[in-house]
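Worksheet for the structure shown next.
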Amino acid sequence: MKQDHNPDLYQTLLESLSDGVMVIDFDGSVRIANTAFCQMFDLAPEEVTGHLFGELFIAFEEFDEFVQIVLDVIMEQGDGKRQIARVRIGEELRSLSVVTSYLTTVHGGEKRRDAVIAVVSDITEIRDLHEAELRMKKVIEKQLGELQTAYRDLETRNEALSQMTKKIQTARSLAVVFVLSLFLAFGTWYIQPLDSLDPEPPPELAPGFIVGDPGVPGFPGFPGFPGFPGSPGTMQTMTLEAGAFDSTISLRGHLVPGRVVEVVSPIESHVSAVHTALGQQVTKGDLLVDLDTGRLTAEHRQARIEYIKARDRLAEIEDWENSTEMARARRALRRAKMGLDDADRNFKRIVFLLKQGIIPASEHEEAQRQRESRQLDFEEAERELVTVQAQGSPEEKQIAELEAQNAQDRLHTYATKLDQTRIRAPISGVVLATAGESGQKPLARGRSLSQGELLLQIADFSSVSVSTQIDEADVRKVRVGQQAWITGPGFPDLRLEGSVTRVSSRANASTGMRSAPQFEIVVTLDKLSAEALDRLRVGMSAHVTIVVYSQSEAVLVPIHAVEQSADQAWIHVIDPETEAIERRAVELGLTTLESVEVVTGLSFGETIVLP
């Protein structure tokens with residue numbers, strides 16, 4: 001069975017897309033442009049649909065790449081495909097992915113191209129992340145190169161030290177052989193017969209040189225010899241001085257308003273009129289939305305009727321003895337009393353006539369039945385009067401008062417809701433959103449609303465914050481009040497100061513199962529000048545650096561000066577009086593690439609030994 005096309009359904013589907021969609025006729029006029037497309041180019045929908053493409057984009061140099069892609073397709077210079085265009089919207093340079101294709105229709109059995117479809121996606125954040133990844137890769141490669149160079153230098157020094165050690169060992173061996181040779185020669189000469197030897201003077205030694213004298217400079221074993229362990233000539237030392245030490249964490253986030261107020265529907269109703277638009281500047285008290293009052297007005301009238309009835313009922317209870325019910329009950333009792341009296345008089349007359357034999361006994365029996373009936377009516381009237389009197393008791397009066405109060409409260413509630421059907425701006429600011437959660441219909445005339453449903457958000461830009469995410473490994477380092485500075489590609493020559501004002505205690509629900517839990521951190525910027533505020537835009541990417549640790553007078557030592565095991569660290573310290581070397585246990589703090597902070601165990605002015 002053939003189904004009818006529903007244009008409203010297609011329009012709703014088009015408006016629900018997060019990607020921008022624009023349809024251009026071959027005469028250059030824009031046939032369709034959804035809300036997402038208009039928001040990407042900071043244009044109002046009524047400024048796009050029905051206008052010429054050239055009037056909107058060709059006259060502006062910021063859109064040259066995008067215009068060229070669309071014109072190539074219109075002029076049939078290229079098939080529809082995905083291309084990247086860089087455009088400048090306001091003060092921000094954006095990257096757009098543009099997919100173009102043709103809208104074809106069949107006329108007389110032949111396909112004909114009627115229009116060009118352009119689907120635009122904002123990939124600025126993706127490209128920024130890619131560029132940041134490339135920058136980080138270069139930094140890592142540079143650091144890796146430095147580490148490799150340092151390792152090669154260390155290997156070179158180790159090799160030179162090994163060669164020097166071999167030379168020292170060789171020199172010592174030669175010295176030992178020389179001394180032994182001297183002693184052997186002297187012994188041989190001493191034990192020979194004196195007469196068989198020609199007296200010859202002993203060989204003369206160099207002036208001042210005594211064999212085996214350990215005090216001769218340069219002799220192996222002399223403390224001043226360059227190879228002696230612990231020699232002052234070979235030890236490298238360092239005197240500790242106070243130095244500033246900061247530890248930071250770098251994060252990536254985006255700018256958000258300092259305060260965002262959500263405007264919700266106060267009642268269940270329908271939208272009657274919308275008086276604002278996305279991105280519009282509003283002042284406190286400006287009219288935003290009108291709600292339909294038809295159903296609410298009827299409910300207000302019914303509440304007023306119930307209030308009037310409850311009020312009259314209370315007034316009647318308060319003067320119950322003079323009420324209509326009491327008057328009716330008293331009248332009924334009087335009528336019953338009068339009927340009983342008449343029946344008594346008639347019965348007495350019948351008894352007299354019966355005794356005289358004038359009437360038969362049957363009339364006596366009838367008169368007696370009537371008298372008993374009137375007696376029952378009288379007793380019923382008495383009970384009815386007691387029942388009616390009870391309706392004016394203190395308990396009944398209290399119930400009437402409560403019902404009247406409830407009716408008055410309902411009337412006041414509906415009156416208040418009628419006053420709230422004209423929704424006004426609670427603060428001055430910029431309209432950020434005209435719809436609630438994803439999947440909701442746009443805020444337009446006729447849309448049904450439930451009480452408490454989000455209509456729009458208003459951002460106060462008198463202050464600006466940065467929202468960012470941090471993983472579970474680093475969230476414990478961040479505290480409210482820590483100082484931070486912010487930079488960003490959208491404001492390259494600004495370095496903004498701020499402080500941490502919020503650290504979420506719960507991971508984001510959107511964090512995937514395969515990635516580490518992420519926690520939200522909000523950094524509020526210090527008071528900005530009007531010029532700085534004018535350059536910032538909500539959603540701009542920002543680089544946040546948070547100072548998680550700061551010590552103005554820290555004890556810093558090189559990493560290679562620390563001897564460390566699994567649970568303890570030591571540093572060699574020179575005693576200033578005895579010049580002895582002490583192996584002292586210390587407690588370490590945070591570490592940088594080259595140095596480490598000593599928390600306890602060392603103080604300023606002490607001298608340590610470096611390997």
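Sparse packing is recorded around CD of E531, with 12 or fewer heavy atoms of other residues, nucleotides or ligands lying under 6.0 Å away. Around the CD atom of E125, the shell of radius 6.0 Å holds no more than 12 heavy atoms that belong to other residues, nucleotides or ligands. Counting heavy-atom neighbours within 6.0 Å of E396 CD, excluding the residue itself, gives a total above 12. Within a 6.0 Å sphere centred on NE2 of H275, heavy atoms belonging to other residues, nucleotides or ligands number more than 12.
Here the CG-CZ distance, from D290 to R424, works out to 8.5 Å after rounding to the nearest 0.5 Å. Taking CG of D526 as the reference point, atom CH2 of W485 lies at 13.5 Å (rounded to 0.5 Å). Residue H270 holds its NE2 atom at 8.0 Å from CG of L449, rounded to the nearest 0.5 Å. Rounding to the nearest 0.5 Å gives a distance of 11.5 Å between CD of E299 and OG1 of T413. Atoms CG and NZ, on L314 and K397 in that order, are 7.5 Å from each other to the nearest 0.5 Å. A distance of 10.5 Å separates OG1 in T100 from CE in M22, rounded to the nearest 0.5 Å.
Residues E306 and R410 are paired through a salt bridge, judged by an N-O separation under 4.0 Å between the basic side chain and the carboxylate. In this structure, R345 does not pair ionically with D341, as no charged nitrogen and carboxylate oxygen lie closer than 4.0 Å. Between E363 and R349, no side-chain nitrogen of the basic residue sits less than 4.0 Å from a carboxylate oxygen of the acidic one, so the salt-bridge criterion is not met.
Listed for the E472 side chain is no donor-acceptor partner under 3.5 Å among the backbone atoms of A507. Checked by atom type and distance alone, the side chain of S450 never pairs as donor or acceptor with a backbone atom of E453 at under 3.5 Å. S269 places a side-chain N or O within 3.5 Å of a backbone atom of D292 that can act as its donor or acceptor partner. Listed for the T124 side chain is a donor-acceptor partner under 3.5 Å among the backbone atoms of S95. With T387 contributing its side chain and R383 its backbone, the two residues share a donor-acceptor pair below 3.5 Å. S465 contributes no side-chain N or O that, together with a main-chain N or O of V256, makes up a donor-acceptor pair within less than 3.5 Å. Under a 3.5 Å cut-off, the side chain of T297 and the backbone N or O of T293 do form a donor-acceptor pair. Side-chain N or O atoms of N34 include one that pairs as donor or acceptor with a backbone N or O of V21 at under 3.5 Å. Remark: the backbone N or O of G429 is paired with a side-chain donor or acceptor of Q281 at under 3.5 angstrom. The main-chain N or O of K284 is found under 3.5 Å from a side-chain atom of S428 such that the two form a donor-acceptor pair.
Under the 4.5 Å side-chain criterion, counting only non-hydrogen atoms from C-beta, R252 is in contact with L129. The closest side-chain heavy-atom distance from Q469 to E520 is below 4.5 Å. V548 is listed as a side-chain neighbour of Q482, based on a closest heavy-atom distance under 4.5 Å. Here the side chains of Q356 and F352 are in contact, with some heavy-atom distance below 4.5 Å. At a threshold of 4.5 Å between non-hydrogen side-chain atoms, the residues V70 and F63 do not count as touching. Taking the side chain as every heavy atom from C-beta outward, L496 and F491 approach each other to under 4.5 Å. Side-chain contact check for L291 versus P266: some heavy-atom pair is nearer than 4.5 Å. The side-chain heavy atoms of D342 and R374, taken from C-beta on, include no pair separated by under 4.5 Å.
Across every non-hydrogen atom of R506 and S504, the tightest pair is O-OG, 2.8 Å. Minimum heavy-atom separation, I317 to Q391: CD1-O, 3.3 Å. The nearest pair of heavy atoms linking M326 to V388 is SD-CG1, 3.5 Å. Of all heavy-atom pairs spanning A310 and A407, the tightest one is CB-CB, 4.1 Å. Here the closest heavy-atom approach between residue D122 and residue M40 is recorded as N-CE, 3.9 Å. The minimum heavy-atom distance linking T487 with L494 is given by the pair CG2-O, 3.8 Å.
A cation-pi contact, defined as under 6.0 Å to the ring centre and within 45° of the axis, links R371 to F347.
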Test log, rule side chain to side chain contact (heavy atoms under 4.5 Å, CB included), inputs I470 and K477: CA-CA 10 Å; I470 190 171; K477 301 178 183 178; over 6 Å; no
Residues E316, R313; criterion salt bridge (charged side-chain N to carboxylate O under 4.0 Å, His left out); working and verdict: CA-CA 5 Å; E316 185 179 19; R313 176 65 177 170; 3.6 Å; yes
Check against side chain to side chain contact (heavy atoms under 4.5 Å, CB included), L333 and F378: CA-CA 6 Å; L333 181 61; F378 177 73; 3.6 Å; yes
Test log, rule side chain to side chain contact (heavy atoms under 4.5 Å, CB included), inputs L533 and V464: CA-CA 8 Å; L533 281 173; V464 179; 3.6 Å; yes
Residue pair L251, V466: steps toward the side chain to side chain contact (heavy atoms under 4.5 Å, CB included) verdict: CA-CA 10 Å; L251 303 170; V466 178; over 6 Å; no
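Side-chain contact check for Q405 and E401: no donor-acceptor pair (N or O, by modelled atom type) lies under 3.5 Å.
The aromatic rings of F66 and F37 lie tilted to each other, with the angle between the two planes from 30° to 60°.
Results of the salt bridge (Lys or Arg N to Asp or Glu O under 4.0 Å) test with R330 over E384, E382, E325, E321 single out E321 as the only residue that passes.
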